[in-house]
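One structure is given here, and the rest of the page talks about it.
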Amino acid sequence: GERHMSDKTVAILGATGVVGTQMLVSLEERGFPVGRLVPLASARSVEAGRVVRFRGEDVPVELARPEAFEGVDIVLGAASDELAGKLLPEAVKRGATCVDNSHAFRLDADVPLVVPEINAADIAGNNGIVSNPNCATIIGLVPLWPLHQAAGLTRLVVSTYQAASGAGMAGLRELERETRAVAADEPMGQTDPFAHQLAHNLIPQIGGFDEMGYTSEEMKMQNEGRKIMHLPDLRVNCTCVRVPVARSHSESITCEFTRPLSVDQARELLEAAPGVRVVDDPAAGVYPMPLDTSDQDLIWVGRLRRDLSAPEGASALTFWCCGDQIRKGAATNAVQIAEHLL
Ligand code: NAP
């Protein structure tokens with residue numbers, strides 16, 4: 001197509017992975033002004049002659065290395081913490097601004113951690129890197145934010161039900177393989193990247209455990225949630241579980257507030273909230289489910305009800321939400337942030 005002065009050279013670090021592949025789609029869908037696309041991946045992909053499909057054209061994958069960022073305006077990071085930690089500072093040195101999906105920089109004081117519906121204003125304070133939050137954190141916070149603004153959030157109790165593709169292409173492929181192995185009554189063998197068989201099972205561990213018995217994934221809900229919402233004292237108790245679902249994370253959330261908030265008020269706020277869709281007619285069997293939220297950008301909220309366990313006079317609600325962790329939990333949120341950099 002025609003090139004414009006405002007068109008950007010955009011690199012994707014990890015362009016062949018689950019998140020990188022979705023970034024290509026999100027850039028295209030949202031009409032991001034890409035003048036030149038630089039898809040970066042490992043030597044494996046380059047040696048195999050891999051291409052990525054972008055706007056109807058095959059673009060050859062290039063090796064992810066510091067020199068690849070020469071002349072790049074915006075880098076979308078979709079690689080491991082280690083690779084992002086090593087390569088993104090090289091991109092910044094060469095004048096690029098990076099939106100990173102890894103955990104590497106998220107809690108750094110000079111790195112904005114952004115969900116555009118909540119704290120887009122923080123992007124202005126970046127020093128070359130803006131971080132995209134953890135996927136489960138984004139999916140929970142999008143509906144929590146309007147409730148917080150109305151009633152003052154003080155405490156969260158969250159259980160997550162996280163899809164296999166949250167562990168990347170390898171996780172998705174492994175669930176597919178295990179599902180076939182179970183159906184064929186074959187021996188399971190190695191279950192990498194999962195520590196246990198996931199098909200017909202649940203794994204209550206995502207990441208490593210700390211000395212208190214919480215996993216790294218669980219502590220992201222607290223630490224990233226506090227940073228994004230500017231609520232340093234927010235109390236969070238989170239349990240993260242890997243479930244045999246291909247795509248879309250689900251969450252059960254109980255939230256406490258300083259001020260009264262009825263179920264009806266909460267429903268009205270959620271119906272008006274950007275990025276949220278209320279799907280809540282339980283008597284008719286209508287509520288969010290991960291199959292239905294896959295491959296779209298909204299966080300679906302339902303099962304909205306009073307918290308029966310809250311002390312007398314306390315303001316607390318319970319709800320269920322689902323969202324596509326590859327889209328709003330990663331690629332789409334990153335492209336939304338990049339739009340603010342234009
Ligand atoms: P993935 O599917 O495993 O993709 C990894 C990407 O990194 C691939 O493009 C891979 O290229 C590339 N890569 C791996 N080793 C490399 C190396 N040595 N040099 C250059 N490139 C290399 O992972 P993903 O799920 O997309 O996750 C990417 C990042 O996003 C991670 O930080 C993850 O935590 C985060 N994230 C993931 C999700 C999700 O739902 N999956 C959600 C939110 C955030 P090759 O094809 O050449 O190996």
From [X] [atom1] over to [Y] [atom2], what is the distance, rounded to the nearest 0.5 angstrom?
| X | Y | atom1 | atom2 | answer |
| --- | --- | --- | --- | --- |
| Leu234 | Arg155 | CG | CZ | 10.5 Å |
| Leu76 | Asn101 | CG | CG | 8.0 Å |
| Asp100 | Ile129 | CG | CD1 | 7.0 Å |
| Asn132 | Glu224 | CG | CD | 9.5 Å |
| Lys8 | Leu37 | NZ | CG | 15.5 Å |
| Ser131 | Ile337 | OG | CD1 | 8.0 Å |

May I ask you to decide whether [X] forms a salt bridge with [Y], counting only side-chain N to carboxylate O separations under 4.0 Å?
| X | Y | value |
| --- | --- | --- |
| Glu117 | Lys328 | yes |
| Glu217 | Lys220 | yes |
| Arg180 | Glu176 | no |
| Arg55 | Glu28 | no |

Can [X] and [Y] be counted as having a side-chain donor-acceptor contact under 3.5 angstrom?
| X | Y | answer |
| --- | --- | --- |
| Thr258 | Thr154 | no |
| Thr293 | Ser248 | yes |
| Glu218 | Thr215 | yes |
| His249 | Asp324 | no |

Does the side chain of [Y] come within less than 4.5 Å of [X]'s, by heavy atoms?
| X | Y | answer |
| --- | --- | --- |
| Leu341 | Val99 | yes |
| Cys238 | Thr160 | yes |
| Glu174 | Phe194 | yes |
| Thr332 | Met23 | no |
| Leu317 | Glu256 | no |
| Arg44 | Arg50 | no |
| Arg242 | Leu202 | no |
| Arg94 | Val72 | no |

Tell me, with the steps shown, if Leu269 and Glu271 meet side-chain contact (heavy atoms from CB on, under 4.5 Å). CA-CA 5 Å; Leu269 291 165; Glu271 277 168 352; over 6 Å; no

Atom of [X], atom of [Y] and distance for their closest heavy-atom approach:
| X | Y | value |
| --- | --- | --- |
| Val46 | Glu62 | CG2-C, 3.6 Å |
| Gln162 | Cys240 | OE1-SG, 3.4 Å |
| Leu63 | Ser42 | CD1-C, 3.8 Å |
| Gln325 | Gly166 | NE2-N, 3.3 Å |
| Val236 | Met221 | CG1-CG, 3.8 Å |
| Ala11 | Leu40 | CB-CD1, 4.2 Å |

When you measure from the side chain of [X] to the backbone of [Y], do you find a donor-acceptor pair of N or O atoms at a distance under 3.5 Å?
| X | Y | value |
| --- | --- | --- |
| Asn134 | Thr137 | yes |
| Gln336 | Pro116 | no |
| Asn237 | Val157 | no |
| Asn126 | Pro112 | no |
| Asn333 | Gly329 | no |
| Thr179 | Leu175 | yes |
| Lys227 | Asp108 | yes |
| Ser294 | Arg247 | yes |
| Gln296 | Leu298 | yes |
| Ser262 | Gln265 | yes |

I would like to know whether Cys321 and Ile139 meet side-chain contact (heavy atoms from CB on, under 4.5 Å); could you show each step before the answer? CA-CA 8 Å; Cys321 64; Ile139 289 165; 4.2 Å; yes

Taking a hydrophobic cluster as the set of Ile, Leu, Val, Met, Phe, Trp and Tyr residues connected by side-chain heavy atoms closer than 4.5 Å, whether directly or through intermediates, do [X] and [Y] fall within one such cluster?
| X | Y | answer |
| --- | --- | --- |
| Met229 | Leu113 | yes |
| Val158 | Val241 | no |
| Leu27 | Val61 | yes |
| Leu13 | Val111 | yes |
| Leu342 | Val114 | yes |

Before giving the answer on side-chain contact (heavy atoms from CB on, under 4.5 Å), spell out for Asp295 and Gln22 the whole-Å C-alpha distance, their side-chain angles and the decisive distance to 0.1 Å. CA-CA 9 Å; Asp295 209 19; Gln22 181 63 52; 4.2 Å; yes

Tyr161: partners by ring pair (Phe, Tyr, Trp, His ring centres under 6.0 Å), with sequence neighbours left out: Trp320

Asn201/Val243 under side-chain contact (heavy atoms from CB on, under 4.5 Å): CA gap, chis, key distance, verdict: CA-CA 7 Å; Asn201 199 16; Val243 300; over 6 Å; no

Pairs of donor and acceptor atoms involving the side chains of residues 141-153, under 3.5 Å and at least two apart or interchain, shall be tabulated with distances.
residue, atom, partner, partner atom, Å
Trp145, NE1, Gln149, OE1, 3.3
His148, ND1, Leu153, N, 2.9

Return all side-chain donor-acceptor pairs below 3.5 angstrom for residues 77-88, not counting sequence neighbours, or 'none' if the list is empty.
residue, atom, partner, partner atom, Å
Ser80, OG, Leu83, N, 3.1
Asp81, OD1, His103, N, 2.9

Supply the members, apart from Ile326, of the Ile/Leu/Val/Met/Phe/Trp/Tyr cluster built from side-chain contacts under 4.5 Å; use none for a lone residue. Val18, Met169

Identify each donor-acceptor pair in which a side-chain atom of residues 306-313 lies under 3.5 Å from a protein atom, sequence neighbours left out, and give them as a table.
residue, atom, partner, partner atom, Å
Asp307, OD1, Ser309, N, 2.9
Asp307, OD1, Ser309, OG, 2.8
Asp307, OD2, Ser309, OG, 3.4

Return yes when atom CD of Glu29 has more than 12 non-hydrogen atoms of other residues, nucleotides or ligands closer than 6.0 Å, and no otherwise. yes

Scan the side chains in residues 273-291 for donor-acceptor partners under 3.5 Å anywhere in the protein, sequence neighbours excluded, and list what turns up.
residue, atom, partner, partner atom, Å
Asp280, OD1, Arg303, N, 2.8
Asp280, OD2, Arg267, NH1, 2.7
Asp280, OD2, Leu304, N, 3.4

